[in-house]
Amino acid sequence: MAEPKENVLMEKIVSLCKRRGFVFQSSEIYGGINGFWDYGPLGAELKRNVKDVWWRTMVHQRDDVAGLEATIIMAPQIWRASGHVDTFSDPMCDCLLTKKRFRADQVDEQSGTAYHYTGAKDTVSGKEINETYSVLLAPGKPPESARKTATQFYQQRGLQNIELLGENTEKVEKTTRYNPENGSLLTPPVPFNLMFKTYVGPTATEADVAYLRPETAQAIFAQFKNVLETSRQQVPFGIAQVGKAFRNEVTPRNFTFRSREFEQMELEFFIKPDEAIEAIHGSVAKPTGPGHPGEPQPNWGWQLWHQYWVEERVRFYEGIGLSRDTLGFHIQTPEELAHYARATTDILFKFPFSKVDENGEMKGEELEGIAARSDFDLSQHQRFSGKSMGVFDEELRTGWAKLDDAKKADISKRYYEARLKYMLKTGVPQEKAEKEAKDNADGLAKGQYIPHVIEPSAGVDRLILGLITNAYSEVISTDDKGKTETRVIMKFHPRVAPYKVGVFPLLKNKPELVAKAKEVFNLLRPHALAFYDEAGAIGRRYARQDEAGTPFCVTIDFDTLGEKPELLNTVTVRHRDDGKQERMPISELLGWLLPKVR
RNA sequence: GCGAGCGUAGCUCAGUCUGGUAGAGCGUCACCUUGCCAAGGUGAAUGUCGAGGGUUCGAAUCCCUUCGCUCGCUCCA
């Protein structure tokens with residue numbers, strides 16, 4: 001019921017984005033390209049502000065996070081270690097009758113009699129279709145059931161009174177070419193690679209194949225050791241990166257929400273394994289209730305770190321104008337979790353295209369996932385590269401020495417089991433896995449381990465879309481003549497708003513006003529993005545800035561010039577969201593404005 | 001990838017059924033005017049009607065192909 005209205009809202013937002021220069025379709029003059037979007041003047045500022053706030057929050061204002069900017073194309077082995085090459089290259093095929101999609105390697109092998117047809121004819125209209133089709137008949141089933149399926153197939157293609165043509169049969173063994181549910185022929189398997197492929201070097205042979213990164217995270221893991229050694233950080237610490245990633249999505253949808261080229265803001269925060277915490281501190285601190293657990297403590301286990309980062313990230317969203325009630329949360333169930341993940345909490349935003357579930361509740365779409373990924377990623381890179389991803393922990397070594405033998409044995413056993421579980425899951429043979437797990441457990445006793453990781457990973461473009469959606473508001477007013485008009489106000493948080501302040505002379509045909517306005521504009525410009533406008537009536541200029549989301553407008557009027565001497569060198573500051581004005585001296589303007597927009 | 005719908009000026013849309021060579025409102029720009037919330041006046045620019053092909057004397061309009069957008073299915077590490 002609410003659906004049509006919501007689509008209207010989405011259409012308005014898309015339309016505004018284009019009209020005001022937030023988002024354009026990529027390559028629009030050539031008809032566009034599916035799944036790619038460009039940011040116009042306002043969108044570019046908005047996006048830059050969001051990334052800046054993230055970087056300041058996650059890197060500059062913390063002691064325990066270092067930055068990284070890695071390449072988009074990396075050694076292809078990285079994507080084997082991460083598992084992307086395997087999970088991305090599934091051949092897929094569709095049932096010709098029901099259109100259901102199958103992974104070609106997951107179709108059960110079947111045997112039976114294949115009924116082939118060269119086509120079909122409509123006995124009334126005489127119309128003929130020459131498309132070939134086949135049905136697999138399981139042993140013991142009557143031939144009529146194969147003919148019935150084939151008839152359905154040709155009915156879908158527009159015939160009514162069907163006469164099947166060219167029937168012939170063939171015994172087949174262990175075929176995967178037919179839909180096990182109905183016997184219908186499947187389309188030929190088509191490889192489904194969701195990674196963008198390219199070639200490094202001019203020869204473009206298979207040996208030169210490389211991929212555009214499908215996520216930024218792996219670069220962080222690959223450079224973990226270098227960052228650790230050059231940043232003078234020690235576990236626990238994080239590496240942050242903002243950058244482009246590429247996925248050849250089957251269906252890009254919902255404006256910029258799912259696009260093929262997108263940007264991520266990711267933190268990989270490395271922590272000690274719980275076993276190490278226990279050895280050092282005697283026990284592992286665990287969550288005691290919901291909410292922010294406060295400043296990080298040395299005895300936190302992975303669960304507290306996970307909770308901490310979820311809450312930190314919510315504070316970030318609140319800080320740029322997405323209040324907690326606009327967000328949703330999804331705690332992934334054990335079935336949903338990737339096999340290496342221990343827990344994942346998604347932070348959601350309710351978009352106009354978000355679905356309402358059977359209980360009438362809208363959960364929203366994912367803006368960010370905060371995953372506890374154990375030591376899977378670094379372990380994989382250690383295994384594939386042959387380079388150690390372990391760290392040495394002095395605290396652990398001294399802590400371990402103080403433990404009694406029973407405690408040592410207990411912790412050692414649990415660490416051994418965790419490592420063994422990882423090895424076996426990733427296909428390491430039993431014997432080798434046991435040996436390596438034992439080596440790992442022995443290493444722990446000497447102060448060595450592979451760090452675990454908590455990964456808050458956010459999509460920039462979907463956040464931008466969320467901010468635009470959240471900011472969008474309409475004011476409908478009726479003038480004296482009874483004409484109604486709708487004004488759009490983009491209520492961005494001042495921190496992310498594209499323009500921070502508009503500067504206007506009240507009238508443009510009074511040179512003194514114009515000169516003074518330009519003076520104020522030049523005063524503000526070096527510190528906060530300002531927009532000067534003298535065209536049209538003052539109300540129109542306010543309205544234009546409302547649509548761009550500019551939180552404040554400064555107007556230079558005759559009082560500024562001293563018409564009322566006590567108001568000399570004061571201006572009016574007009575607030576976007578309520579239209580209210582206040583008067584302040586030009587000399588106080590910057591000091592008033594800057595704290596609000598930073 | 002499959003199915004359905006849609007694509008005309010910067011935006012919203014009329015015109016498509018019934019082929020005769022493109023319009024409205026808003027916006028934009030210039031000048032005038034305007035003493036605080038899209039006021040008014042004058043003037044101007046902007047469309048190979050998504051693209052390509054076909055039918056026709058003639059195509060925005062009919063047909064085919066293709067690209068894009070929306071929705072449903074599928075996919076989403």
Side-chain angles (χ1 to χ4, degrees), chain A residues 3-4 6-8 10-12 14-21 24-36 40 79 82-90 92-103 156 187 190 192 194-195 214-215 217-218 247-255 257-258 260 336-341 344 353 355 365-366 369 371 373 457 475 477 479-481 483 485-489 504-510 513 534-547 553 555-559 561 563 571-572 574-576 578-581 583:
Chain A
E3 196 120 328
E6 284 153 4
N7 291 340
V8 168
M10 201 58 215
E11 276 167 29
K12 283 179 176 173
V14 173
S15 160
L16 175 99
C17 280
K18 175 159 191 204
R19 181 159 44 89
R20 296 307 316 216
F24 305 128
Q25 197 176 8
S26 170
S27 319
E28 197 194 63
I29 59 167
Y30 290 102
I33 174 167
N34 195 353
F36 297 88
W79 308 114
S82 68
H84 286 87
V85 169
D86 291 338
T87 51
F88 268 54
S89 50
D90 304 325
M92 307 290 281
C93 47
D94 298 327
C95 172
L96 281 166
L97 195 63
T98 62
K99 309 292 182 207
K100 184 171 170 176
R101 171 156 289 166
F102 294 88
R103 267 177 62 173
Q156 283 181 358
T187 58
V190 178
F192 244 66
L194 295 192
M195 278 198 290
E215 61 173 37
Q218 294 305 321
R247 295 183 193 181
N248 230 332
E249 296 287 353
V250 179
T251 314
R253 270 293 155 88
N254 293 326
F255 198 31
F257 184 81
R258 170 164 296 132
R260 289 184 165 132
E336 289 173 309
L337 284 175
H339 63 87
Y340 48 78
T344 298
F353 48 79
K355 302 269 182 343
E365 314 298 322
E366 182 185 341
R373 294 168 69 100
S457 166
V475 175
S477 56
D479 66 12
D480 304 342
K481 297 166 197 149
K483 202 174 121 191
E485 62 169 22
T486 305
R487 287 177 41 196
V488 173
I489 304 177
F504 314 143
L506 181 61
L507 299 172
K508 82 165 164 183
N509 60 351
K510 299 285 187 291
L513 288 177
E534 57 179 34
I538 191 77
R540 174 185 294 262
R541 283 177 267 161
Y542 287 144
R544 275 198 280 250
Q545 292 309 308
D546 285 346
E547 237 180 25
C553 289
T555 301
I556 284 72
D557 60 18
F558 293 96
D559 289 334
L561 302 175
E563 197 165 275
V571 291
T572 58
R574 182 257 190 190
H575 294 252
R576 174 194 64 199
D578 56 12
K580 293 218 172 79
Q581 295 189 342
R583 195 144 195 118

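Each chain gets a letter, A, B and so on, in the order the sequences are listed, and its residues count up from 1.
For B/C64 and B/C13, the C1' atoms lie 28 Å apart once the distance is rounded to whole Å.
Residue side chain A/Gln581 reaches the base of B/C36 through a donor-acceptor N/O pair under 3.5 Å, judged by distance alone. A donor-acceptor contact under 3.5 Å is formed by the side chain of A/Arg574 with the base of B/C37. Side-chain atoms of A/Gln25 stay outside donor-acceptor range of the base of B/G68, with no qualifying N/O pair under 3.5 Å.
A salt bridge links A/Lys18 to A/Glu28: one of the charged nitrogens lies within less than 4.0 Å of a carboxylate oxygen. Checked for salt-bridge contact, A/Arg541 and A/Glu534 miss the test: no charged N lies under 4.0 Å from a carboxylate O. Salt-bridge formation is detected for the pair A/Arg574/A/Asp546: a Lys NZ or Arg NE/NH1/NH2 atom is positioned less than 4.0 Å from an Asp or Glu carboxylate oxygen. Ion pairing between a basic and an acidic side chain is recognised when a charged N comes within 4.0 Å of a carboxylate O; A/Asp557 and A/Arg583 show such pairing.
When distances are taken from the side chain of A/Thr572 to each of B/C71, B/U33, B/C36, the shortest belongs to B/C36. In the set B/C11, B/A38, B/C71, B/A38 carries the atom at the smallest distance from any side-chain atom of A/Arg540.
Nucleotides of RNA chain B nearest to A/Asp559 and A/Asn34 differ in position, and the one nearer the 5' end is that of A/Asp559. Between A/Ala535 and A/Glu547, the residue anchored closer to the 5' end of RNA chain B is A/Ala535, taking for each the nucleotide with the nearest heavy atom.
Contact annotation: A/Arg544 side-chain N/O to B/U28 OP1/OP2 distance is under 4.0 Å.
The separation between A/Arg258 atom CZ and B/U74 atom C1' is 12 Å, rounded to whole Å.
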